[in-house]
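A short worksheet on the structure shown next.
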Amino acid sequence: DLIVHVRDITHPETILQKATVLSVLKNLNLPSHLLDSMIEVHNKVDLIERYKPTEENALPISALHGHGLEELKEEIEKKILTATGKKILTVSVNLEGPQLSWLYKEATVQEVEVMPEDGTARVKVIIGNSAFGRYKNLFPN
C-alpha cells in the first residue's frame, strides 16, 4: 500500500543512492500511485547541525534520538488510510446492544473507553467507507 524510502542523509553518496533506488523501483513496474505517494525520510539528521531538507515533502528524522518519528507515523497513517479507503473514527455505542461486537467483526477496533455511568463506550476504529455505511444503516442512532 505504501513505500517508505529511508535515506542516510549523512552518506556522501545519498543523492546517487536515491537515484539508484528510484531507478530500481521504476524497473519493478510498480503502480504509479505507489511511486507518487512514496514517503521520503531523511534519517540521521542529528549528525548535521540545523538540518533542513532541500527536497519537498522529505521528513527529517533521527531514529537514534526519536526526533521526527511521531510526524513520520502520522504521515504513514494518513497515506495508508488514503490508499486503502479507510478512516479513523470514534463512535459512541450502547454496551447493551450489538454495536461493539459488530465493530470488532467488521472494523479494526483500536481503543474502547467505557462510560459506566450511562452504559456506553467511545470506540476508536479504523473502518472502510462501505462498512461504515452498513454500520450507520444497522445502527442509525
Any side-chain heavy atom of [X] sitting closer than 4.5 Å to one from [Y]?
X: Asn94; Y: Leu100; value: no
X: Gln110; Y: Ile88; value: yes
X: Val125; Y: Thr108; value: no
X: Leu95; Y: Thr120; value: no
X: Ile76; Y: Val4; value: yes
X: Val41; Y: Ile39; value: yes
X: Leu64; Y: Asp46; value: yes
X: Met38; Y: Leu25; value: yes

For [X] and [Y], work out which heavy atoms get closest and say how close.
X: Asn137; Y: Pro140; answer: O-CD, 3.9 Å
X: Leu35; Y: Lys26; answer: CD1-CG, 4.0 Å
X: Ser62; Y: Val45; answer: N-CG2, 4.0 Å
X: His42; Y: Pro53; answer: ND1-CB, 4.0 Å
X: Asp1; Y: Ala83; answer: O-CB, 3.8 Å

Please determine whether residues [X] and [Y] belong to a single hydrophobic cluster, defined as Ile, Leu, Val, Met, Phe, Trp and Tyr linked transitively by side-chain heavy-atom distances below 4.5 Å.
X: Leu103; Y: Val112; value: yes
X: Val6; Y: Ile9; value: no
X: Leu138; Y: Val123; value: yes
X: Ile48; Y: Ile15; value: no
X: Ile80; Y: Val109; value: no

Atom pair [atom1]/[atom2] of [X] and [Y] - distance to nearest 0.5 Å:
X: Asp36; Y: Leu30; atom1: CG; atom2: CG; answer: 11.0 Å
X: Lys44; Y: Thr10; atom1: NZ; atom2: OG1; answer: 5.0 Å
X: Ser101; Y: Glu106; atom1: OG; atom2: CD; answer: 9.5 Å
X: Lys86; Y: Ile127; atom1: NZ; atom2: CD1; answer: 9.0 Å
X: Ile3; Y: His33; atom1: CD1; atom2: NE2; answer: 9.0 Å
X: Leu69; Y: Glu74; atom1: CG; atom2: CD; answer: 11.5 Å

Please answer whether the main-chain N or O of [Y] pairs with a side-chain N or O of [X] as donor and acceptor at a distance below 3.5 Å.
X: His11; Y: Glu13; result: yes
X: Lys79; Y: Leu2; result: no
X: Ser23; Y: Ala19; result: no
X: Asn43; Y: Ala63; result: yes

Residue list, side-chain contact (heavy atoms from CB on, under 4.5 Å) with Lys18, at least two apart or on another chain: His5, Arg7, Leu22, Glu40, Glu55

Parallel, tilted or perpendicular, as decided by the 30° and 60° cut-offs, for the rings of Trp102 and Tyr135: tilted

Co-members of Leu16 in a cluster of I, L, V, M, F, W and Y side chains, linked at under 4.5 Å: none

CZ (Arg122) with more than 12 external heavy atoms under 6.0 Å: no

Glu117 atom CD, over 12 foreign heavy atoms within 6.0 Å: yes

Evaluation steps, side chain to side chain contact (heavy atoms under 4.5 Å, CB included), between Lys124 and Leu89: CA-CA 6 Å; Lys124 184 177 176 185; Leu89 298 173; over 6 Å; no

